[in-house]
4 protein chains.
Amino acid sequence: MTYSKAAGQAPGKRERLATAAAQVLHEQGVERTTLADIARAADVPVGNLYYYFKTKNQLVEAAIDAHARNLESMTAELDALPTPRERLKALLAGWVGQRELTVRFGCPTGTLAAELDKRTDGLDESVARLMRALIDWAEGQFREMGRADARELAVALIAAYQGISLLTNTLRDPDLMTAEGARLARWIDSLA
Amino acid sequence: MTYSKAAGQAPGKRERLATAAAQVLHEQGVERTTLADIARAADVPVGNLYYYFKTKNQLVEAAIDAHARNLESMTAELDALPTPRERLKALLAGWVGQRELTVRFGCPTGTLAAELDKRTDGLDESVARLMRALIDWAEGQFREMGRADARELAVALIAAYQGISLLTNTLRDPDLMTAEGARLARWIDSLA
Amino acid sequence: MTYSKAAGQAPGKRERLATAAAQVLHEQGVERTTLADIARAADVPVGNLYYYFKTKNQLVEAAIDAHARNLESMTAELDALPTPRERLKALLAGWVGQRELTVRFGCPTGTLAAELDKRTDGLDESVARLMRALIDWAEGQFREMGRADARELAVALIAAYQGISLLTNTLRDPDLMTAEGARLARWIDSLA
Amino acid sequence: MTYSKAAGQAPGKRERLATAAAQVLHEQGVERTTLADIARAADVPVGNLYYYFKTKNQLVEAAIDAHARNLESMTAELDALPTPRERLKALLAGWVGQRELTVRFGCPTGTLAAELDKRTDGLDESVARLMRALIDWAEGQFREMGRADARELAVALIAAYQGISLLTNTLRDPDLMTAEGARLARWIDSLA
DNA sequence: TATGAATGAGGGTTCATTCAT
DNA sequence: TATGAATGAACCCTCATTCAT
C-alpha cells in the first residue's frame, strides 16, 4: 500500500501553491494581490508560503513558470494535429473558447507582461521569455507552411491576440474575441 | 471676456497636475506610483494635491482625461487630411514614431486599461470610454471608405496596435512596431 | 510675540526623537528595541517616526549622533578646567557619578559599539568614530602633560573605563566602578 | 565501565551542538543568530536542535557553558606554570595571541555579557557567573603573590582586557591589543 | 531520535489621507 | 490656497517553536 503521503507532507505542494498563485495573480493583478490573498486561495497560513518561496517575487516567478508549463502542454497538444494551418486555427479556437475568462481578467500572459514591465527585478525577463516561447511556436507553424516571413507573421498573430484580449477585457465584450478569431482564421486560410 | 476662476492664481494648475500625473502614471504604472511621486514630478507639496483632487483615484481619472484630450487633438489633426486612408496611415505613422517610448513604457492607454481593469471603482469605465473613442474614430474612417464591416476593421486595427505595443514593450524591440506598422499600412492599402 | 510654534509643528522634534531613541536604545539594546518602543517613549505614533527617519538604521545613527553631541558638550566643560590632570580626573569623577546607570545598562557608547560591530551597514563606523573622538580627547590631555606615549595611555584609560563599565554592568555592582575610578585617579597622579 | 547514554548514538552530540552554537553566537551575536544559522553550522536539521534544547535560550545557556569549559581548561593549563606571575603573563599572551579573532568578533565572554545583560531571563546571571570565575582565578594569582588588594587587582586586570578587546574590535586594530598586553605585563612585573 | 513541514505572532516599512495653520 | 506634519491601516517578511511521522 503505497499511496497516502501522511499529514504534514505534500508531494506537489510547491506546484499547488504556484498554481493557486497564478490564478489569483491573474484575477487581481500582481500589485493588488497580497500574500494573504494567495494563502487564502491555497488554504494555507501566510507564514507557510515562505517555506516554499522566500519572497513574493519568487512566488510570482513560480506563477510565471506555471503559465509556461500550461503553454507547453497546450502546444504539445496542438502539435498532435496534422497540419500547421490546423494547429494555428486550433490555437485560435482555444482563445475564443476562453473568451469569458478574458472578458473578466484578460490574457494571463499579457496582463502579467503589462504589469511586470514596470519592474526592475528579473520578473520582466521571465515573462518576456514566456511571450517569446509563444511567438516561437507560432513562427514554427508559419515556417512549416513555407512562409519566409514566418517571424513577422507570428508576431502579428500573437499581437492580434494580445490586442483583442485587451479590448475584450476593457470593453467587457466577448463577441470582440469571437469576431476577431473568425477574422484571423480567414486570414490564415488566405495565406499561400 | 475671459472669466478666470477666482483669485486668478494658478490658471491651469489642475491641468498641469493632471498632465504630470498622466506622465508619471504611464512611466511607473498606477499601483507603483505614489502621490509623492506625482507631487515631485509636478513640483508641488504632497498636501497641495489634495486641494485639487480629493483622492488618488480622482487624480488617475484626471490623468485619463488628459489622455482623452490628447487623443482628441490628435484625431482633430488627422481629420485635416483629405482621405480616410491617409488619415489611418498617418495614425500608423504616429504610432511608429513613438516606438521608443513604447519600448520603455508601452502604450499609455493600453497599459492604463490593463491595470485599471482589475479595479472595481469607476476607473475601468473611464479608460474603456477612452478606448472606445479611439475605436470610434477609426470606425468612422473605415465607414468613410465605404466598408460595411467598419466596426470590425476598427477593432482589428486598434487591437493590432495594442498588441504590438505590448510585444514591443515586453520584448524591448522597437523594430516590432516598425514592421507591424508597415504591414498594417499594406493591409489598409489592400482594402477595397 | 514670537514664541509658540503652533500645533503640528515642532522646532526640534527630530532631535527630541533622536534623544528618546538614544535612551531607549541604551536601555534595551538596539536589536531588542522596536520602533514601537521608541515611538512610545517619544509619545508619537509609529508612522510618524518615518517622517523624520527613513529607516530604523537612520534612527540608530541619529542616536549615535546624540551621544556624540553629549560627548562634545562634556569635553567642552572639562576643557574649562585649568590642568589636564584635573580634566582627566574630572572625567573619572563623571564616570563614577554615573555608576548606577552603568549598573543597569552599561556604558552607552560601549554597549552600542559591542552591538553594532556585528553589523555590515555603516553603523559600526559611526560608533567607531565616536569612540575615537573620546580617545582623541584623552590623548590630548596626556600630551599636554608631556607624555610621549600619550596615545597608548589614552587607549589604556578608555579601555579601563569600557572594561570596568562592562563588569559593573554584568556583575551589577556599582562599587566596582568606584574602586576602579579611585585606582585610575591614583594612576594619573602617579604619571610624571 | 564507560556508561554511554542510551542507544550509543550521538555520544557527545549535545556538546557538539553547544560548541557550534558558541562559535556562531560569538561571530554573529545572540540576537542576530537564528536557530537555522546554528543548525547549519552544526550540520543538523533545525527540528533536531529541539530534541536537545527545548528553547533558544537553553541553547545560549549551553553555549555559555561551553565557554565555561574552555575557561576551565585554559586555567587548568595555566595552573601548571610554576609562579602566579608567569601564569598571569601567560594569560596575557593568550589574549594577545587571539587578537585577530578579537578584531573581528570581540572577546567571546565580553560580547555575550554585553548582549545578555539586556535580558530578564536567567541568561545574564549565567554569563555573570562565567565572568566571575575568570576574576576569581586572577584574584587567586594575585593573592598567591601576597597582594592584600588581590580582588581589586583582578577586577582591574579583567576590566583592562575586556576594555581593550572592545576597542580592538570597534577600531579594528590588533595592535591595540598587542600594546596593551605589553603594558599590562610591565604592570604585573612592577607589582611587589 | 530524527526531520521536513507548519504555524502565527511580531517587526520594519510604505503610503493614502487628514489636519492645523 | 498652500503646506509641512501627522496618522494608522496594511503589507512583506522573519523566526522561534511545534508537530506528525
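Basis for what follows: all heavy atoms, side chains included, without hydrogens, waters or symmetry-related copies.
What separates CZ of C:R16 from C1' of F:dA5 is a distance of 13 Å, to the nearest Å. Distance CG (B:N48) to P (E:dT17): 16 Å, rounded to an integer number of Å. Atom CD of C:Q58 is separated from atom P of E:dG12 by 15 Å (rounded to the nearest Å). For the pair A:K54 NZ and F:dC12 C1', the interatomic distance rounds to 15 Å; values are reported in whole Å. Between the NZ atom of C:K56 and the P atom of E:dG10 there is a distance of 16 Å, rounded to whole Å. Rounded to whole Å, atom P of F:dT7 lies 11 Å from atom CG of C:L17. For the pair C:F53 CZ and F:dA6 P, the computed distance is 12 Å after rounding to whole Å.
Neither OP1 nor OP2 of E:dG12 sits under 4.0 Å from any side-chain N or O of C:T55. At least one side-chain nitrogen or oxygen of A:Y52 sits closer than 4.0 Å to the OP1 or OP2 atom of E:dA6. Here C:K13 reaches the OP1 or OP2 of F:dA6: one of its side-chain N or O atoms lies under 4.0 Å away. Residue A:Y51 has no polar side-chain atom (N or O) positioned under 4.0 Å from OP1 or OP2 of E:dA6.
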Worked verdict on B:L17 versus B:F53 for side-chain contact (heavy atoms from CB on, under 4.5 Å): CA-CA 10 Å; B:L17 297 178; B:F53 305 97; 3.9 Å; yes
Worked verdict on B:K13 versus B:V44 for side-chain contact (heavy atoms from CB on, under 4.5 Å): CA-CA 10 Å; B:K13 187 162 181 185; B:V44 296; 3.9 Å; yes
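By the 6.0 Å contact criterion, CZ on B:R104 is open, its count of non-hydrogen atoms from other residues, nucleotides or ligands being 12 or less.
Closest to the D:Y50 side chain, of the nucleotides F:dT18, F:dA2, E:dT17, is F:dT18.
Residue-to-nucleotide proximity on DNA chain E shows that, of B:N57 and D:G47, the 5′-proximal contact is made by D:G47. Between C:P45 and B:L49, the residue anchored closer to the 5' end of DNA chain F is B:L49, taking for each the nucleotide with the nearest heavy atom.
In terms of heavy atoms, B:V24 sits closest to B:A41 at CG2-CB, 3.4 Å. Shortest non-hydrogen contact noted between B:A113 and B:M131 is CB-CE, 4.0 Å. The two residues D:A22 and D:A66 have their closest heavy-atom pair at CB-CB, 4.3 Å. Here the closest non-hydrogen pair linking A:A114 and B:A114 is CB-CB, 4.1 Å.
In this view, A:T34 and A:D37 satisfy the side chain to side chain donor-acceptor pair (under 3.5 Å) rule, not counting sequence neighbours.
At a threshold of 4.0 Å, the pair D:R119-D:E31 counts as salt-bridged, since one of the basic side-chain nitrogens sits closer than that to a carboxylate oxygen.
When base pairs are accepted only as Watson-Crick or G-U wobble with both N-N or N-O distances under 3.5 Å, DNA chain E takes part in stems of 3 or more pairs at E:2-21 with F:2-21.
Less than 4.0 Å separates DNA chain E from at least one heavy atom of each of the following residues of residues 29-44 of chain B: B:T33, B:T34, B:L35.
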